[in-house]
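Below, each value reflects all heavy atoms present in this structure, side chains not excepted, and no hydrogens, waters or symmetry copies. Residue numbers start from 1 in every chain, and the chains themselves are labelled A, B, ... in the order their sequence lines are given, proteins ahead of strands. Being a predicted model, the structure only gives us computed values, none of them experimental.
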Number of protein chains: 2
Amino acid sequence: MSSPSSPAKPPTRTPTRGRPPKLDPDRTIATALDLLNEAGLDALTMRRLAEAMGVQAGALYRYFATKQDLLTAMAERMLADRDTAAPEGAGQGWDEELAGLARALRAALLRHRDGARVFAGTYSTGVNTLGFAEALIGTLREAGFNSGDAAQAMLAVVSFTLGHTLEEQAALSGEAPADPERLRQAVTESAFPHLTAAVPVIADADFNAHFEFGLRLLVDGLRALER
Amino acid sequence: MSSPSSPAKPPTRTPTRGRPPKLDPDRTIATALDLLNEAGLDALTMRRLAEAMGVQAGALYRYFATKQDLLTAMAERMLADRDTAAPEGAGQGWDEELAGLARALRAALLRHRDGARVFAGTYSTGVNTLGFAEALIGTLREAGFNSGDAAQAMLAVVSFTLGHTLEEQAALSGEAPADPERLRQAVTESAFPHLTAAVPVIADADFNAHFEFGLRLLVDGLRALER
DNA sequence: ACCTGAACACCGTTCAAGT
DNA sequence: ACCTGAACACCGTTCAAGT
């Protein structure tokens, strides 16, 4: 119907007409997350991101005042994958609901290379980040915990999950820094009898099992608090 | 007795004679930790460290192949402050011993600006780092836990402590990124009822209480595992 | 053996100027 | 309004050359 036969007078209705912007925040964040997956956090530079967007580096600063702001937006976006509509493990008791939320956070961080490092280095107050906290605290309060305990439990779960995933991704994505062989060698050289006995469990790098163990401790600890 | 009266022939015994090296690894690490405290991790550059050592930047690479290696040595040194001789909370039962070790790790990280970030970004296999793991695993094994549980519990305690201290230092050392006021505002703007109820506890920033709460959950969780 | 000087290949960020 | 071009003040790392 309104197909433009002659572009004499540009219609004022469609504001993206004339010169459509090459840059928009959403696509920039998406491209940055792609670049993160391909090259890692250390290689994610404003200049390389600009190149990927077909633009000069300085142009990025029209939408993000600083690289930190971009990273914060990326961290916030990472948590968007969570199923906010149907809470994980719903209708299975607060313990499984809580575990489901912790697993969802870990999964969201694992979904992107260096995801935990990005998350740890930023402080988002976006809906996804706050929504996660809301869900976790809500689960516990509705189970009868007071808001103080619920809040502190949420902080403990987030700290543990962040710390765990940080080490997990450092061990995996790292080229060589977290070499399990170097650990084995260093342990046997020094005289660490207890560590020597434990090294098969540590060096097997079964991160799922390690995460579940720590998560279980936190959940059981909360159950003990219930009386 | 053997005081050098005339330096005619440099004695082959004292190798530090002639031209004493301006650089040695120990002093370099100590200076780097000082610089870290004064300026923070982002301002800790090889060039600024070289300046503080009275040397050209390239000279640092004779003792540290890369900046990562320097940071790893710094992380290892940070844990040296721990009382390795007398384990924290010794003779008070495994639970207080474990808590003492976790508190010592947090204290060691807090002792330096961005200490948790330095620790998180490196992977040391030095005696201090391994000695800490040895002490924690030893405490649990001697209390009757099997080596698998002891190892996984150690990983959980380290992950939680690291994650917690990371957030603590980000909130404190950060110029503005972790503004509690911004959190309050963001929470009340959106509709997060549970979070609204919990925000006084979260935003009070009583990190000691938050750490002790999480630590208690882990310890109680381990007690539940004991049967 | 230990360090200097100087370079290489980058960074994040700013800002006048163009369209 | 949106982006370019170009600069500023830096980076980590390498390496011939000096002493």
Where the side chain of A/P21 is concerned, which of C/dT14, D/dT13, D/dC2 is the nearest nucleotide?
D/dC2
Assess, by modelled atom type and distance only, whether the side chains of B/T122 and B/T72 contain a donor and an acceptor separated by less than 3.5 Å.
no
Scan side-chain atoms only and decide if A/N208 and A/R106 contain a donor-acceptor pair under the 3.5 Å cut-off.
yes
Consider the side chain of B/R62, meaning its heavy atoms from C-beta on, and name the nucleotide among D/dG5, C/dC2, D/dA7 that approaches it most closely.
C/dC2
B/L44 CG to D/dG12 C1': how many Å, rounded?
12 Å
Tell me the interatomic distance from A/D24, atom CG, to D/dA1, atom C1', rounded to whole angstroms.
15 Å
For C/dG18, the nucleotide meeting Watson-Crick or G-U wobble distances (both under 3.5 Å) is D/dC2
Are any of B/T66's side-chain N or O atoms less than 4.0 Å away from OP1 or OP2 of D/dG12?
no
Of D/dC11, D/dC2, C/dC11, the nucleotide closest to the side chain of B/T45 is D/dC11
Measure from CZ on A/R48 to P on C/dA9 and round the result to the nearest Å.
16 Å
Rounded to whole Å, CG of A/D42 lies from P of C/dG12 at a distance of 11 Å
Nucleotide D/dG12, atom P - distance to CG of B/D69 in whole Å:
14 Å
Rounded distance (Å) that lies between atom P of C/dA6 and atom CZ of B/R47:
13 Å
If I compare all heavy atoms of B/E76 with all of B/S124, which pair ends up nearest, and what's the gap?
OE1-OG, 2.8 Å
How far, in whole Å, is C/dA9 from D/dA9 if one measures between their P atoms?
23 Å
Name the nucleic acid region contacted by A/F64, choosing base, sugar-phosphate or nothing; use a 4.0 angstrom heavy-atom cut-off, strictly under.
nothing
Nearest nucleotide by nearest heavy atom, which residue falls closer to the 5' end of DNA chain C, B/A59 or A/Y61?
B/A59
Options D/dT13, C/dG12, C/dC3, nucleotide nearest the side-chain atoms of A/M46:
C/dG12
Hey, is the side chain of B/K67 poking within less than 4.0 Å of OP1 or OP2 on D/dC11, counting only N and O atoms?
no
When you measure from the side chain of A/Q56, which nucleotide among D/dC11, D/dG5, C/dC3 comes out closest?
D/dG5
